[in-house]
Amino acid sequence: MAAASRPAQRQPRSREEAEAGLTFLGLIGMLDPPRPEVADAVRACRRAGIRIVMVTGDHPLTAEVIARRVGIVREPHPAVVTGAGLDAMDAAGLDAVLAEDAELLLCRVSPEHKMRVVAAFQRRGEVVAVTGDGANDAPALRHADIGVSIGATGTDVAREASVMVLLDDSFASIAAAVELGRSVYRNIRKFLVYLFSHNIAELAPILVATFVGFPLVPLMAVQVLAIDLGSDVLPALALGAEPPERDVMDNPPRSPREPLFSSDVVRRFVFLGTIQALGVCGVFFWHIHASGIPYAAFTPGNHVYREAITLTQAGIVVSQFFNALAVRTDRESVFRVGVFSNPRLIAAGCLGIALMAAISYAPPLQAVFHTAPLSPADWAVLAALGVLLLAAEETRKWALRRRHPV
């Protein structure tokens with residue numbers, strides 16, 4: 001900004017008169033540098049497959065300098081389109097510009113241009129987030145899939161038009177919100193895998209007993225309730241609070257049309273549930289056959305039968321403890337993340353096993369659940385089945401990492 005002065009005896013009548021006879025005093029430079037954390041946030045968004053397009057009313061040279069400083073532009077010759085250039089384009093021409101994978105700067109644009117660009121991206125099937133702080137940004141903020149306004153220095157109009165407000169005015173908060181949102185979605189899927197896998201383990205022994213002609217159920221209804229309401233609730237809640245994985249920002253965005261019960265989720269809980277089902281069916285029928293008693297001779301009060309159904313319930317509870325460790329990560333080994341890095345999950349799993357031990361050994365609970373005491377050898381077998389489940393899932397993750405490296 002240039003500064004000048006001249007003596008004035010009266011109020012100037014026109015602009016030409018006010019600007020005549022001035023003495024130049026100097027230039028004033030104003031600098032609003034980007035925050036230091038913005039460059040890291042831009043890099044994180046790039047890794048996450050998020051395309052960043054700068055839309056500004058500034059001069060193209062100013063916009064390019066700022067964009068290079070924060071990492072939005074890295075190529076020698078980015079695509080630069082001005083508002084006049086947008087006016088000269090039809091819809092097909094604009095779609096062609098947006099379809100290119102080049103770094104794009106839109107400069108000297110008006111609110112109408114911003115709206116047009118947002119609509120063009122949405123027409124291509126993109127999920128569009130718009131950031132802005134002024135009243136002229138309000139139409140684009142309202143029309144975007146996600147309008148993000150600046151909280152501290154932004155206008156009331158922009159805040160009212162947006163669905164998300166940055167209280168710290170930092171672009172890095174957007175990247176942090178994306179990371180947290182992806183982590184929450186992953187945790188919901190882990191929660192589902194954890195719960196549905198043990199449902200297979202509960203159902204399979206009952207179906208197998210029916211097919212082989214065993215006259216009693218390997219798992220009673222009250223035991224199922226104890227598993228679902230007693231042993232599984234707290235570990236499932238702890239999985240919901242799992243911290244973000246290190247690779248959560250290293251994958252492209254998922255499709256908005258992808259169902260929560262995707263094929264990956266179904267395959268995973270069927271894989272884990274099948275291993276659990278084989279384990280609990282194995283320990284139940286192994287204990288029944290080892291007794292040498294014919295199927296027809298078993299009654300609900302038979303001690304061997306009570307031991308067998310206790311093994312079934314304990315097998316599900318113990319394997320679910322290892323299952324919770326297995327589903328903590330989608331690709332990465334849980335040993336690299338740290339087995340004890342989620343202490344709430346460990347505590348919840350141990351509490352479930354302690355509850356199972358009480359059901360097995362406490363006489364009042366034995367009367368309610370029709371259980372019997374388990375020997376140390378029984379617990380060792382059940383722990384081995386849990387380790388086998390964890391090893392199988394770790395092997396699957398290892399194979400996945402080899403086939404599809406990030």
Side-chain angles (χ1 to χ4, degrees), residues 196-232 269-324 326 349-393 395:
F196 277 87
S197 57
H198 92 267
N199 288 339
I200 297 176
E202 290 174 347
L203 181 62
I206 299 173
L207 294 178
V208 172
T210 301
F211 288 132
V212 301
F214 190 75
L216 303 173
V217 291
L219 195 65
M220 304 186 72
V222 68
Q223 292 178 290
V224 173
L225 289 175
I227 296 171
D228 292 346
L229 302 180
S231 303
D232 270 357
F269 75 66
V270 168
F271 172 73
L272 293 170
T274 300
I275 296 175
Q276 286 183 276
L278 291 174
V280 296
C281 288
V283 295
F284 177 82
F285 287 103
W286 163 74
H287 198 74
I288 293 295
H289 282 288
S291 68
I293 302 175
Y295 283 178
F298 279 98
T299 61
N302 187 290
H303 185 72
V304 174
Y305 171 69
R306 296 182 66 164
E307 288 179 339
I309 63 174
T310 306
L311 277 171
T312 302
Q313 182 181 357
I316 295 174
V317 171
V318 172
S319 61
Q320 278 294 89
F321 176 80
F322 289 92
N323 185 20
C350 291
L351 183 62
I353 294 176
L355 176 62
M356 182 63 236
I359 291 173
S360 175
Y361 296 116
L365 294 178
Q366 288 177 350
V368 173
F369 293 95
H370 306 284
T371 54
L374 298 180
S375 67
D378 293 332
W379 287 107
V381 170
L382 298 180
L385 292 176
V387 171
L388 179 63
L389 174 73
L390 180 59
E393 177 65 2
T395 303

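A quick note: this is a predicted structure, and the numbers were derived from the prediction, not measured.
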I need the minimum non-hydrogen distance between [X] and [Y], along with the two atoms involved.
| X | Y | value |
| --- | --- | --- |
| Tyr305 | Met220 | OH-CG, 4.5 Å |
| Ala372 | His303 | CB-CE1, 3.8 Å |
| Pro205 | Val280 | CG-CG2, 3.7 Å |
| Ile316 | Gln276 | O-NE2, 4.0 Å |

For the residue pair [X] and [Y], establish whether any side-chain heavy-atom pair is separated by less than 4.5 Å.
| X | Y | value |
| --- | --- | --- |
| Val317 | Ser231 | yes |
| Val208 | Phe284 | no |
| Thr310 | Met356 | yes |
| Leu385 | Val318 | no |
| Phe271 | Ile275 | yes |
| Ile227 | Gln320 | no |

Practice task
Decide if the gap between the ring center of Tyr295 and the ring center of His289 is smaller than 6.0 angstrom.
Solution key: yes
Exercise for the section: Say whether His198 and Asp232, considering side chains only, have a donor N or O and an acceptor N or O under 3.5 Å apart. Expected result: yes
Fill in the blank from the handout: Distance col, row Thr274:OG1 vs Leu389:CG, nearest 0.5 angstrom, shows 10.5 Å
Problem - Euclidean distance, Phe321 CZ relative to Leu390 CG, rounded to 0.5 Å - result: 10.0 Å
Check: [Y] main-chain N/O paired with [X] side-chain donor or acceptor under 3.5 Å:
| X | Y | value |
| --- | --- | --- |
| Thr371 | Ile359 | yes |
| Asn302 | Thr299 | no |
| Ser360 | Leu374 | yes |

